[in-house]
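Naming: A, B, ... by sequence-line order, numbering from 1 per chain.
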2 protein chains.
Amino acid sequence: MDLRAVRSPAMTDVAKLAGVSHQTVSRVLNDHPNVREQTRLRVRAAIAELGYRPNSAARALVTGRSQLIGIVAQNSTLYGPASLLAAFEQAAAEAGFAVSVGSVGRMDRESIAGAVERHLDQRVAGLVVIAPVASADDALDDMPDDVPLVTIDGDPARSRALVTVDQAAGARQATELLLAAGHRTVWHVSGPPDWYDAAGRADGWRSALEAAGAEVPPVVAGEWSAASGYAAGRMLARMPEVTAVFTANDHQALGLLRALSEHGRRVPDDVSVIGFDDVPEAEFFIPPLTTVRQAFDAVAQAGLELLLAQISDEAPPAEQIVIAPTLVARSSVGPPPHRV
Amino acid sequence: MDLRAVRSPAMTDVAKLAGVSHQTVSRVLNDHPNVREQTRLRVRAAIAELGYRPNSAARALVTGRSQLIGIVAQNSTLYGPASLLAAFEQAAAEAGFAVSVGSVGRMDRESIAGAVERHLDQRVAGLVVIAPVASADDALDDMPDDVPLVTIDGDPARSRALVTVDQAAGARQATELLLAAGHRTVWHVSGPPDWYDAAGRADGWRSALEAAGAEVPPVVAGEWSAASGYAAGRMLARMPEVTAVFTANDHQALGLLRALSEHGRRVPDDVSVIGFDDVPEAEFFIPPLTTVRQAFDAVAQAGLELLLAQISDEAPPAEQIVIAPTLVARSSVGPPPHRV
DNA sequence: GGATGCATTGTTAGCGATAACAAGCTCCGC
DNA sequence: GCGGAGCTTGTTATCGCTAACAATGCATCC
C-alpha cells in the first residue's frame with residue numbers, strides 16, 4: 001500500500017496496464033484509424049479501470065490549442081445577453097468544450113481588447129464575441145486572424161463569421177400588427193442608439209410605417225431599462241393622439257405600462273403596447289404583453305456551429321447567419337379607441 | 001525576413017534578448033524575491049519589447065494547476081443565479097483569474113458531478129458551486145478534497161467553505177413590516193421546497209409570525225416563476241381575509257399582482273405585497289414593489305476571497321460567511337383595509 | 001585569510017501529452 | 001521466395017514552463 005497522495009493516472013500508467021506504449025493509448029484516445037480492434041479494447045479497459053482522464057494542459061501545450069471556447073460578453077443581467085450566454089454554454093458543453101467567460105464592464109475598445117487578450121493567454125480554441133455596439137467591433141479589428149472567431153450581434157459589414165437576429169423584421173411585424181389593428185400610427189421608445197439591436201428595431205419600425213404610408217412620429221429615446229420606459233410613458237400618456245407604442249424591449253414596456261396606468265390610460269383599450277424579447281414575465285404584465293421573441297438558443301447553436309467549423313478548418317471563416325424572431329400575441333394590443 | 005507564421009515568443013526568446021537564462025525570466029514573472037533590480041528591469045523591458053505572454057498551458061502542466069476558476073451553476077436565466085454569475089466573473093477577473101462556466105440543466109447529483117469532472121479535467125485552481133438544493137450538496141460529498149472549493153447557497157451543515165445570504169432574516173424583516181403596518185397575519189407564496197433559499201424564506205416568515213403571536217396560515221406552494229405567483233394569486237384574491245402576502249421572489253409577486261388586479265383587488269389598498277430579490281424592474285411593477293435585496297456582488301466577493309485564500313493556502317478550507325439582505329420599501333405595502 | 005552565509009544566476013530534469021519517424025509484421029503479386 | 005505496400009506499434013523529440021539543485025560572487029566573521 002502506498003500512502004502518498006494518489007497522483008491521478010497519466011497516459012503511461014494506462015499504457016503499462018494495457019501492455020502497450022503510451023503512444024498507442026494516445027491513438028486510441030484520438031480515434032486514430034490504425035489501431036487493432038483488440039488493442040483498442042484493451043486500452044479502453046485500462047482507461048476505465050484506472051479512471052484515467054487526459055490532462056488538457058499537456059494536450060494544449062503540445063497542440064497549441066485547448067478545448068476551451070472563450071466568450072466575451074458584457075457583464076450584465078440584461079435578459080438578452082444572459083440568455084445568450086446560458087444557451088451558449090449549453091451548446092458548447094454538448095460539443096465537449098468548456099466555456100471561459102470574460103465579461104467586461106463596458107463595451108469599449110479597451111475593455112474588449114483586454115478580455116480578448118486574457119482569453120488568448122488561455123490558448124482558447126475559439127472566441128465568441130457578443131458585440132452589440134460599434135465600439136466592440138472596433139476592438140476586433142486588430143485581432144490576430146489566426147484565431148477562430150464568431151461575432152454575435154455585430155456589424156455585418158465588418159464581421160466575418162456572424163450570427164444576428166433580424167431585429168428589423170421583428171420590429172416590422174410588431175408595427176404592422178398595430179397598424180392592422182387600426183391604429184393610424186405607432187410610436188416608438190428606442191434603445192440606446194449605439195446598439196445595433198436598438199438601431200435595427202427602430203429601422204424596422206420606421207420602414208413599416210413608411211411602407212404603410214403612416215406618419216412617422218419622432219422617436220422617444222430611451223435605453224434598455226424599465227426606468228426609461230417609465231419616463232417615456234409619463235410623456236406619452238399625456239398625449240391623447242398616442243394610441244399605439246412599440247418599445248425596444250420588454251422592460252421598457254413594463255415601465256411604460258406603469259406610467260400609462262398611473263395616468264388612467266387603459267391598455268389595450270386606450271393604448272396598445274408591444275415589447276421586444278419575450279422575457280418569461282411578459283405574460284404576467286398588466287396586461288399580458290404582446291412582444292417579439294428572439295430564439296437565443298438558435299443563435300447560440302448557430303454561433304457554435306460556425307465556430308466549430310472554423311476550428312476544424314471545415315469551413316471558410318466567413319459566413320453570416322440571420323435568425324428570424326417571432327411575434328408573440330397577447331392581450332396588450334387592441335383596436336384604437338373610438339374617436340371622440 | 002522570415003515569412004513563416006510568427007510563433008508567439010516563448011520564455012527563452014525573452015531570456016535571449018535580456019541576456020539571462022529562461023529561469024531568471026520565470027523568476028521575474030513570478031515575483032521571486034532574489035532577483036537584482038537591474039536584471040528585473042532588463043527582463044521586463046524584453047518582455048514588453050517582444051509582447052511576450054506566458055503560456056498558461058505550460059504553466060498549468062508543470063504546476064498541476066491553472067489560473068482558471070470553475071463555476072458550476074444551474075443553466076438558468078433566473079435573476080438570482082445570473083446575477084451571481086456576473087458578479088463572480090467580475091471579481092475573478094480583477095484577481096487575474098479566468099472563469100470557466102459549467103452550467104447544468106438540472107441540479108441532480110449526476111449532472112453536477114459531470115460538470116465538476118469537466119472542470120477537474122481543465123485542472124482548475126478552484127471550484128465554486130452554486131448549490132441551492134440538497135441534491136447539489138449530495139454530489140459534492142464525493143468530491144476529491146484536494147481541490148479548493150467554495151459553496152454558495154449550500155447547506156451549512158455539509159459545506160466547509162460557504163457563502164450564504166440570510167434568507168430567513170430577510171423574510172422576517174418583510175413579515176414584520178407587514179405586521180407593523182397593522183395586518184393580522186401574512187400569507188406566503190413559497191419557492192420550490194427543495195431549495196435552501198425557499199426554505200429559509202419560509203422559515204423566516206413563519207418565525208416572525210410566531211414571534212408576534214400571529215396566526216400562521218398555510219403555505220401556498222409555488223416555484224420561482226411568475227406563473228406560479230399568478231396561480232397563487234387567483235386563489236388568494238378570492239379570500240377576503242387575505243390582506244398581506246409575502247412571495248418568495250419578485251417574479252411571483254408580479255404574477256400575484258396581476259391576479260389581484262384582475263380580481264379587482266387593489267394594491268396596497270386591499271392587499272399589501274412584498275417580494276424578494278429586488279430585480280431591476282421591481283420598481284416599475286404596478287404598484288412599485290416592496291422587496292428584499294440580496295447583495296450578489298458581496299456574495300461573489302466573499303466567495304472569491306474564501307476561494308483564493310484556499311488556493312494560496314492562507315486559510316483553512318472551512319469558513320462560512322453570511323451576507324445580510326436589506327429591505328427595500330416601496331408602495332406595495334400599506335395598512336389593511338378598514339374592517340367592514 | 002579562509003570559512004560561512006546569503007544573494008543572485010544558471011543548469012538540468014521533468015510535467016503529460018502529440019508528432020514524426022522508424023521498425024516489425026502480414027499480405028500480396030509475380 | 002522475395003520485394004513492396006500497408007497496417008500496427010514503438011521510440012524519440014518536443015511543446016513552454018517551474019522545481020530542485022548547483023554554481024558563482026560578494027560581504028561578513030573570527
Given atom CG of Leu61(A) and atom P of dG16(D), what is their separation to the nearest angstrom?
-> 7 Å

Considering all heavy atoms, the nearest Gln122(B)-Leu68(A) contact | OE1-CG, 4.0 Å

What is the distance, rounded to the nearest whole Å, between atom CG of Asn55(A) and atom P of dC15(D)?
-> 18 Å

Ser56(A) (side chain) donor-acceptor with Asp121(B) (main chain) under 3.5 angstrom = yes

Select base, sugar-phosphate, or nothing to describe what Ser21(B) touches, counting heavy atoms under 4.0 Å on all strands.
-> base

Check whether any side-chain heavy atom of Thr39(A) lies under 4.5 Å from a side-chain heavy atom of Thr24(A), and answer yes or no.
-> yes

Looking only at N and O atoms, is any donor in the side chain of His22(A) or the base of dT18(C) less than 3.5 Å from an acceptor on the other one?
-> yes

Rounded to the Å, how far apart are Arg59(A) CZ and dA17(C) P?
-> 8 Å

Closest-nucleotide 5' rank along DNA chain C - winner of Gly19(B) and Tyr52(A) = Gly19(B)

Does any N or O in the side chain of Asp13(B) come within less than 3.5 Å of the main-chain N or O of Ala10(B), such that one atom is a donor and the other an acceptor?
-> yes

Is there a donor-acceptor pair closer than 3.5 Å between any side-chain N or O of Ser159(B) and the backbone N or O of Ala161(B)?
-> no

Could you check how far CZ of Arg65(A) sits from P of dA19(C), rounded to whole Å?
-> 13 Å

Salt bridge present between Arg160(A) and Asp137(A) (N-O < 4.0 angstrom) | no

Per the under-4.0 Å heavy-atom filter, residues of residues 24-50 of chain B near DNA chain C come out as Thr24(B), Arg27(B), Asn34(B), Val35(B), Arg36(B), Thr39(B)

Min side-chain heavy-atom separation Thr63(B)-Arg123(B) under 4.5 Å | no

Select one nucleotide: of dC17(D), dT18(D), dC15(D), the one nearest the side-chain heavy atoms of Ala10(B).
-> dC17(D)

Rounded to whole Å, the CE-P distance (Met11(B) to dT11(C)) equals 16 Å

Where the side chain of Gln23(A) is defined as all heavy atoms beyond and including C-beta, which of dC17(D), dG16(C), dA19(C) is the nearest nucleotide?
-> dA19(C)

Asp13(B) CG - dC15(D) P separation (whole Å) = 11 Å

